[in-house]
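A short write-up of the structure that comes next.
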There are 2 protein chains.
Amino acid sequence: MSPRVGPSGPLSREKIVTTAIGVADEVGLEAMTMKRVAERLGAGVMSLYRHVADKDELIEAMVERVTGDYAYPDRRGIGWREAMHVLARRDWAAFLAHPWLLSATATVAPPFGAASLAAMEWALSALDELELPPPAAARAIMTINNYVQGSARVVLGGRRAGAGDDPGRSWRQRLGGVDLDAFPHLGRLVGHPLPEGEGDWFAEGLDVILDGIQARGRPHLA
Amino acid sequence: MSPRVGPSGPLSREKIVTTAIGVADEVGLEAMTMKRVAERLGAGVMSLYRHVADKDELIEAMVERVTGDYAYPDRRGIGWREAMHVLARRDWAAFLAHPWLLSATATVAPPFGAASLAAMEWALSALDELELPPPAAARAIMTINNYVQGSARVVLGGRRAGAGDDPGRSWRQRLGGVDLDAFPHLGRLVGHPLPEGEGDWFAEGLDVILDGIQARGRPHLA
DNA sequence: ATCGCGTTGCGTATGCCGTACGCTACGCTC
DNA sequence: GAGCGTAGCGTACGGCATACGCAACGCGAT
């Protein structure tokens with residue numbers, strides 16, 4: 001009755017994760033349903049559960065996969081500051097390529113898979129030269145991660161509002177009906193076209209953070 | 001047959017929002033279901049929809065309400081730096097008191113209600129003395145918001161893991177089975193008890209960001 | 001060959017979810 | 001007391017994740 005394997009060979013955890021990522025990329029995380037993933041695989045819904053405990057575990061695996069895909073290069077020869085820029089640009093690219101990552105990583109429990117740990121290790125070692133106390137270094141990484149996440153949210157929010165690449169545009173749109181006279185600063189902000197491109201806006205904000213971090217590191221004491 | 005009003009008087013949008021916040025506080029956002037809210041109000045499920053368009057709108061209203069509850073004090077007499085600490089501590093308190101805020105505000109669309117706009121206006125005006133270009137000021141606020149959000153996530157993640165108030169504890173727990181020799185920096189981090197309390201850890205991290213912001217402001221040029 | 005068994009695929013069914021639709025009963029105003 | 005606007009809500013629907021158990025196969029032991 002039932003063919004043992006579907007049109008694309010037998011199921012596997014890897015294939016399921018790959019397909020789920022594709023679905024989430026296209027229709028968003030909330031519309032990524034087990035049924036849709038199974039359909040795209042030419043499989044029955046319940047077949048997925050032979051390879052994945054539940055949907056949450058699948059999402060975790062998706063995050064791990066993407067994190068692994070954006071592995072970090074050898075760090076030798078580049079300074080901590082450039083390393084942080086690399087880190088931030090990688091994550092930034094990942095968030096823009098896979099918008100669902102924003103929701104998936106916004107849960108209270110941070111990811112603890114091998115790829116995530118490796119990324120954290122890479123980032124921490126890049127900060128060695130600053131000789132920060134370990135908790136301060138970890139906090140610095142967290143701060144950068146959160147900055148990237150927040151910036152990506154702004155840009156993606158703008159994209160969804162159909163505002164092209166200008167992060168300010170979406171605000172202007174949403175604020176259409178608001179009484180801007182009551183909020184003079186917001187009004188001034190809305191009237192301000194970003195003098196730089198989206199990438200520069202992002203990188204400059206990162207440098208603000210890095211300046212703060214640098215002031216606490218060894219070069220500061222020397 | 002059906003009494004026109006429930007045991008607690010007629011329904012109202014306000015009462016629904018209040019009750020929903022209570023439910024979310026107790027059972028979490030994902031378990032905050034229309035049915036549960038209605039039950040607690042002694043009302044039928046569909047009655048809620050006379051006052052609220054759909055669940056998303058209800059959640060938005062909840063966020064607005066909480067944002068308004070944590071209104072900001074008069075700013076006269078305090079410097080921008082202290083103002084940012086006030087801002088951060090308020091948000092911090094809100095996130096810890098209402099853990100669901102983390103998920104609710106992690107969507108791509110930032111809240112645009114009156115209370116949220118007022119909060120943004122307050123923060124922007126507090127930065128006036130730095131004379132930053134408006135986009136840079138907005139970015140600074142965003143950075144701080146994201147920092148608060150991320151720190152709250154760490155602390156709440158630890159709480160959920162039953163680790164009391166030490167943010168490092170939960171990491172240690174989760175990393176139990178991991179090969180820490182492969183990640184020396186993570187190992188060092190795990191072995192490190194936070195030398196400060198949770199509040200100091202948070203405030204110090206904020207100061208790191210503020211240092212970076214200050215370096216771009218007017219006092220820096222003077 | 002045949003049997004037995006572990007493994008993989010999946011159909012069916014359950015319970016919960018948000019919510020569309022339309023009825024009911026009430027408080028008005030004339 | 002007749003008509004009507006409105007708040008409450010019962011019922012029903014479609015979609016969701018997933019528990020359970022059967023079916024079809026691969027394969028080593030007999």
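K55(A) places its NZ atom 19 Å from the P atom of dC16(C), with the value rounded to the nearest Å. Counting to the nearest Å, the C1' atom of dC10(C) and the CE atom of M34(A) are 14 Å from each other. For the pair R13(A) CZ and dT8(C) P, the interatomic distance rounds to 14 Å; values are reported in whole Å. Following rounding to the nearest Å, D56(B) (CG) and dC17(C) (P) show an atom-to-atom distance of 16 Å. Atom P of nucleotide dT8(C) and atom CD1 of I16(A) are separated by 12 Å, given to the nearest angstrom. Rounded to whole angstrom, the span from the CD atom of E39(B) across to the P atom of dG8(D) amounts to 17 Å. For the pair K35(A) NZ and dG14(D) P, the interatomic distance rounds to 12 Å; values are reported in whole Å.
The side-chain contact (heavy atoms from CB on, under 4.5 Å) search around D25(A) returns I21(A), H98(A), W100(A), not counting sequence neighbours. The side-chain contact (heavy atoms from CB on, under 4.5 Å) test applied to A61(A) returns R13(A), V17(A), not counting sequence neighbours. Listed by chain and residue number, R65(B) satisfy the side-chain contact (heavy atoms from CB on, under 4.5 Å) test with T18(B) (two or more places apart in sequence, or in another chain). Residues meeting the side-chain hydrogen bond (donor to acceptor under 3.5 Å, both in side chains) test with R75(B), sequence neighbours left out: S125(B). Remark: T33(B) pairs with no residue by the side-chain hydrogen bond (donor to acceptor under 3.5 Å, both in side chains) rule, at least two apart or across chains. In terms of the side-chain hydrogen bond (donor to acceptor under 3.5 Å, both in side chains) criterion, residue partners of E26(A) (sequence neighbours excluded) are, by chain and number, R40(A).
Annotation: side-chain hydrogen bond (donor to acceptor under 3.5 Å, both in side chains) contacts involving residues 182-191 of chain A, sequence neighbours excluded, comprise H185(A)-E121(B), H185(A)-D128(B).
Heavy-atom distances under 4.0 Å link DNA chain C to M46(A), S47(A), R50(A), H51(A) of residues 46-53 of chain A, given in residue order. Contacts between residues 21-29 of chain A and DNA chain C, defined by a heavy-atom separation under 4.0 Å, are absent.
Between T33(A) and dG15(D) there is no side-chain polar atom (N or O) within less than 4.0 angstrom of OP1 or OP2. Phosphate proximity of dC16(D) to R36(A): present, with a side-chain N or O under 4.0 Å from OP1 or OP2.
Checked against the 6.0 Å centroid threshold, F202(B) and Y147(B) count as a close aromatic pair.
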Audit row: L58(A), M34(A), side-chain contact (heavy atoms from CB on, under 4.5 Å) steps and yes/no: CA-CA 10 Å; L58(A) 173 57; M34(A) 293 308 236; 4.1 Å; yes

